[in-house]
Amino acid sequence: MLATQQAQAFQSSLIDWFKEVGKDYPWRQTTDPWHILVSEVMLQQTQVATVLGKGFYTRFLERYPTPASISNAPEQEILSAWEGLGYYRRVRNLQKAARAICENHEGVFPTQHSEILDLPGIGQYTAGAVASFAYNQSQPLVDANVARIFSRLFDYQERVDSTAGTKQLWQWAGELVSPSQPRLYNSALMELGQQICTNKSPQCGICPVKTCCQTSDPTSLPLKKARKKTVLLDELCMLAIDQKNQTILLHKASDSARRSGMWKLPERQAHELENQPLLLQRNYAITHHKVTLYVYQAPEKIELLEDEAWQPLTSLDALPLPSPFRRALNTLLKDHFA
DNA sequence: GATACGTGGCC
DNA sequence: TGGCCAAGTAT
C-alpha cells in the first residue's frame with residue numbers, strides 16, 4: 001500500500017533523474033511498435049551490450065522493417081539473423097507474431113494490451129513494454145531490473161520467483177506506474193536497475209529514490225530459489241569434408257530439439273570415433289550444462305543419419321550455426337586448408 | 001511449480 | 001576458474 005503522494009514523489013524523482021542521465025538507445029528513438037517489439041524480444045534474458053555491440057538490432061530491422069517483411073522469410077534466414085543471440089525460439093515466435101498481425105490485424109500492429117499479450121512469444125513483461133514504450137499507455141512491467149528494485153525498495157524478504165512473489169511485484173508495479181508519463185517512467189525504472197540498483201554493487205549514495213528505499217542490505221536482495229546445478233556433458237562430433245565436391249557433412253536440429261533449425265557438426269558414438277585423430281577440443285556452456293566438445297576426423301566410411309546432409313562449403317556463411325560450432329568450424333577449416 | 005531454453009560478461 | 005546473471009516465455 002502506497003500513498004498517492006509517495007508514489008508521485010517516486011515517479012518524478014525517477015523521471016527527473018532519467019532525463020539527466022538516461023541512455024540514448026536506438027529503441028528509445030522510435031515509437032514504431034514493431035521496432036519496439038524486436039528490441040524487447042532481443043533483450044529477453046540478454047544484455048544491452050550484447051544486442052547493441054554486434055549490431056543485431058539495426059541489422060535485423062534493416063532486413064525486417066515491418067511484420068509483413070518477415071512473415072514469409074525462410075526459417076534459415078531468420079535464424080541466421082539471430083545467430084549469436086541464443087534462445088532461437090524467440091525469432092521463430094517473432095515471425096509467428098508477425099504472421100498473426102498480418103492475418104488477424106490486417107498488418108496493423110494491435111494497440112490493445114490484451115491483443116498484444118495474445119501474440120506468440122509475448123508475455124506479461126513484453127506486453128507491458130510494448131504498450132508503454134510504443135503507445136505511452138500506463139501499463140506496468142516487471143523484469144529482472146524491476147524485481148531487484150522493488151524487492152529492495154520494500155525490503156521484500158520473500159522469494160520473488162514464487163507465485164506469491166511474482167504477484168506482489170506486479171501489484172507494486174501497477175500501483176507505482178506513472179499515469180501521465182508511463183513511457184518515461186518505465187524506461188527510467190529499468191535504467192535505474194541497470195545503472196544504480198545493480199545486482200552486485202548498488203550505488204545507493206547516488207540513487208535518486210534512496211529516500212524511498214526500505215532495505216539496509218541491498219545486495220542480499222532479491223531472494224530467489226537456488227539455481228540448478230551444472231551438469232557436465234561430452235559432445236562427440238566429426239569433421240567430414242568431401243574434397244571432390246567441396247562439401248561438409250552437417251546435422252540440422254529437429255523441430256523439437258534444442259537449437260531447433262540450427263546446423264552443427266554431426267555427432268557419433270564414442271566407439272565409432274575412438275581410432276580417429278582428435279582435431280579440436282573446446283568447452284562451452286549451454287543453459288545449465290557444461291559441454292566439452294570433441295571434434296574427430298571422420299572415418300572413411302560414413303553412414304548418414306537422420307537430418308544430416310552434405311552442404312557446400314561456400315554455403316557455410318549462410319547457414320545458421322550455434323556460436324560454439326561457428327567458432328569451432330572457423331578454427332577447423334582454417335587448419336584444414338592451411 | 002518446475003523446467004528448458006543460448007550466450008557472453010563479470011568477478 | 002567456475003558460478004552467477006541478464007529488458008522472459010512456453011510447456
Side-chain angles (χ1 to χ4, degrees), chain A residues 22-23 25-28 36-54 56-57 79 82-94 96-97 116-130 132-134 140-149 159-167 169-170 173 186-195 197-201 219 222 224-233 253 255-262 264 282-293 320-327:
Chain A
K23 295 272 181 15
Y25 299 130
W27 44 88
R28 286 183 179 156
I36 300 286
L37 176 62
V38 167
S39 74
E40 289 304 334
V41 173
M42 279 189 179
L43 288 161
Q44 287 169 4
Q45 297 287 284
T46 308
Q47 301 198 330
V48 172
T50 303
V51 172
L52 236 33
K54 293 181 183 171
F56 283 107
Y57 175 75
L79 287 172
W82 210 261
E83 182 185 307
L85 275 174
Y87 286 154
Y88 297 98
R89 190 182 308 165
R90 292 183 290 176
V91 74
R92 298 168 169 283
N93 282 335
L94 214 38
K96 284 185 197 161
I116 300 170
L117 187 58
D118 280 341
L119 295 170
I122 299 188
Q124 288 291 342
Y125 163 77
T126 305
V130 172
S132 60
F133 296 149
L141 52 73
V142 176
D143 74 330
N145 287 303
V146 178
R148 194 168 55 246
I149 292 167
R159 273 175 43 196
V160 295
D161 55 356
S162 65
T163 302
T166 303
K167 191 178 164 193
L169 290 174
W170 279 94
N186 277 341
S187 299
L189 197 55
M190 300 180 58
E191 187 84 15
L192 186 76
Q194 212 175 56
Q195 286 195 39
C197 198
T198 62
N199 185 38
K200 295 286 182 188
S201 56
T219 54
K224 287 182 190 174
K225 189 188 59 174
R227 282 210 157 196
K228 229 186 142 181
K229 222 180 138 186
T230 302
V231 176
L232 298 179
L233 276 183
D255 280 353
S256 56
R258 168 185 300 166
R259 296 186 287 205
S260 162
M262 307 287 284
K264 56 173 227 164
R282 289 275 190 283
N283 292 318
Y284 72 88
I286 177 168
T287 63
H288 65 287
H289 303 283
K290 186 186 168 184
V291 182
T292 305
L293 168 66
L321 264 51
S323 292
F325 285 91
R326 178 65 73 190
R327 284 193 296 266

In this structure, how many angstroms lie between the [atom2] atom of [N] and the [atom1] atom of [X], rounded?
| X | N | atom1 | atom2 | value |
| --- | --- | --- | --- | --- |
| A/L117 | C/dT9 | CG | P | 9 Å |
| A/W82 | C/dT9 | CH2 | C1' | 13 Å |
| A/Q194 | C/dA7 | CD | P | 6 Å |
| A/D161 | C/dG8 | CG | C1' | 13 Å |
| A/I149 | C/dA6 | CD1 | C1' | 14 Å |
| A/L52 | B/dT7 | CG | C1' | 16 Å |
| A/R92 | B/dG6 | CZ | P | 10 Å |
| A/H289 | B/dG6 | NE2 | P | 11 Å |

Please tell me which of the listed nucleotides, [options], lies nearest to the side chain of [X]?
| X | options | answer |
| --- | --- | --- |
| A/Q45 | C/dG8, B/dC5, C/dA7 | C/dG8 |
| A/K225 | C/dA6, C/dA7, B/dA2 | B/dA2 |
| A/A144 | C/dC5, B/dT7, C/dG8 | C/dG8 |
| A/R159 | B/dC5, B/dA2, B/dT7 | B/dA2 |
| A/I286 | C/dA7, C/dA10, B/dG6 | B/dG6 |

*Residues in salt bridge (Lys or Arg N to Asp or Glu O under 4.0 Å) contact with A/R258, at least two apart in sequence or another chain*: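 Counting only residues at least two positions away or on another chain, A/R258 forms no salt bridge (Lys or Arg N to Asp or Glu O under 4.0 Å).
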*A/R259: salt bridge (Lys or Arg N to Asp or Glu O under 4.0 Å) partners, not counting sequence neighbours*: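 Result, salt bridge (Lys or Arg N to Asp or Glu O under 4.0 Å) vs A/R259: none returned.
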*Output yes when at least one side-chain N/O atom of A/R89 is less than 4.0 Å from OP1 or OP2 of B/dA4, else no.*
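Answer no for this pair, as no side-chain N or O of A/R89 is under 4.0 Å from OP1 or OP2.
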Drop me the distance from [X]'s [atom1] to [Y]'s [atom2], to the nearest 0.5 angstrom.
| X | Y | atom1 | atom2 | result |
| --- | --- | --- | --- | --- |
| A/R89 | A/S260 | CZ | OG | 9.0 Å |
| A/H289 | A/L232 | NE2 | CG | 10.5 Å |
| A/D161 | A/K225 | CG | NZ | 6.5 Å |
| A/W82 | A/R92 | CH2 | CZ | 12.5 Å |
| A/L85 | A/M42 | CG | CE | 5.5 Å |
| A/Q47 | A/T50 | CD | OG1 | 6.0 Å |

So which protein nitrogen or oxygen atoms get under 3.5 Å of nucleotides 8-11 of chain B's nitrogens or oxygens?
unit_1: B/dG8; atom_1: OP2; unit_2: A/R327; atom_2: NH1; d: 3.1

*Passes side-chain hydrogen bond (donor to acceptor under 3.5 Å, both in side chains), A/R148 versus A/N145? Steps please.*
CA-CA 5 Å; A/R148 194 168 55 246; A/N145 287 303; 2.8 Å; yes
*asked:* Is there, by distance only and without an angle test, a donor paired with an acceptor across the side chain of A/T46 and the base of B/dG6 below 3.5 Å?
replied: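 It does, because a donor-acceptor pair links the side chain of A/T46 to the base of B/dG6 below 3.5 Å.
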Would you mind classifying the nucleic acid contact of [X] as base, sugar-phosphate or nothing, using non-hydrogen atoms under 4.0 angstrom?
| X | answer |
| --- | --- |
| A/K96 | nothing |
| A/Y88 | sugar-phosphate |
| A/R227 | base |
| A/Y25 | base |
| A/R148 | sugar-phosphate |

*Please measure how far the P atom in B/dT3 lies from the corresponding atom in C/dC4, and state the result in whole Å.*
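My reading of the P atoms in B/dT3 and C/dC4 gives 15 Å.
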*Using the P atoms only, state how far B/dA4 lies from C/dA7, rounded to an integer number of Å.*
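Looking at atom P only, C/dA7 and B/dA4 are 23 Å apart.
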*Could you list by number each residue of residues 119-127 of chain A showing a heavy-atom separation from DNA chain C of less than 4.0 Å, or answer none if no residue does?*
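Residues of residues 119-127 of chain A under 4.0 Å from DNA chain C: A/P120, A/G121, A/I122, A/G123, A/Q124, A/Y125, A/T126.
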Show the atom names and distances, to 0.1 Å, of all donor-acceptor pairs under 3.5 Å that link a side chain in residues 118-128 of chain A to residues at least two apart or in another chain.
unit_1: A/Y125; atom_1: OH; unit_2: A/E40; atom_2: OE1; d: 2.6
unit_1: A/T126; atom_1: OG1; unit_2: A/Q44; atom_2: NE2; d: 3.0

_By nearest heavy atom, map A/K228 and A/Q44 onto DNA chain C; which one lands nearer the 5' end?_
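That would be A/K228.
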*asked:* Tell me every residue that passes ring pair (Phe, Tyr, Trp, His ring centres under 6.0 Å) with A/Y57, counting only those two or more places apart in sequence or in another chain.
replied: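 A/Y57: ring pair (Phe, Tyr, Trp, His ring centres under 6.0 Å) contacts with A/W27.
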*asked:* Between A/A164 and A/L85, which residue's closest nucleotide on DNA chain B lies nearer the 5′ terminus?
replied: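 That would be A/A164.
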